[in-house]
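Scope of the values below: all heavy atoms of this structure, side chains included, with no hydrogens, waters or symmetry mates.
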Amino acid sequence: MRDSEIDRSKSSACPRCLTGDARVVARSPRPGVWTMHLCTVCFYTWRSTEPDYATSAEALSPRFRIDPSRLGEGWAMPEVPPLRNTE
């Protein structure tokens with residue numbers, strides 16, 4: 001699915017951050033088999049065929065819940081140190 005084909009007209013609730021900004025970003029080659037969703041807030045992705053614990057806000061463990069207002073507080077990736085001379 002090309003970026004221009006992403007379904008921006010419909011949004012659904014994200015099971016991880018509970019915002020209503022999840023979009024359909026891909027569909028199965030065989031129509032109706034699965035749909036891939038992406039949350040545009042926390043970038044959580046899931047396929048419609050995954051179990052409830054990954055696709056349902058009610059079933060997702062609270063340990064995996066994200067507060068969207070705190071997303072900017074995340075740690076940046078550390079720099080990779082220079083290679084050591086092993087000679």
**Q** For residues 32-41, which side-chain N or O atoms pair as donor and acceptor with protein atoms under 3.5 Å away, sequence neighbours left out?
**A**
unit_1 : atom_1 : unit_2 : atom_2 : d
Thr40  : OG1    : Asp21  : O      : 3.0

**Q** My understanding is that a hydrophobic cluster links ILVMFWY residues whose side chain heavy atoms are under 4.5 Å apart, including indirect links. Using that, what else belongs to the cluster containing Leu18?
**A**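 Direct or chained contacts put Leu18 with none.
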
**Q** Could you give the distance from CZ (Arg23) to SG (Cys14), rounded to the nearest 0.5 Å?
**A**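 Rounded to the nearest 0.5 Å, the CZ-SG separation comes to 12.0 Å.
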
**Q** Who pairs with Ser56 by side-chain hydrogen bond (donor to acceptor under 3.5 Å, both in side chains), at least two apart in sequence or on another chain?
**A**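 Testing Ser56 for side-chain hydrogen bond (donor to acceptor under 3.5 Å, both in side chains), a comparison that skips the adjacent residues, returns Glu58.
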
**Q** Is there a side-chain contact between Pro15 and Tyr44 in this structure, where contact means two heavy atoms from C-beta onward sitting under 4.5 Å apart?
**A**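 With C-beta onward as the side chain, the pair touches.
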
**Q** If you compare all heavy atoms of Ala22 against all heavy atoms of Trp46, which two are closest, and at what distance to 0.1 Å?
**A**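 In this case the closest contact between Ala22 and Trp46 is CB-CH2, 3.5 Å.
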
**Q** Just to verify, what does Asp67 make a side chain to side chain contact (heavy atoms under 4.5 Å, CB included) with, not counting sequence neighbours?
**A** Ser69, Arg70

**Q** Using the side chain to side chain contact (heavy atoms under 4.5 Å, CB included) criterion, which residues pair with Phe64? Sequence neighbours excluded.
**A**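 Checked Phe64 against side chain to side chain contact (heavy atoms under 4.5 Å, CB included); matches are Leu60, Ser61.
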
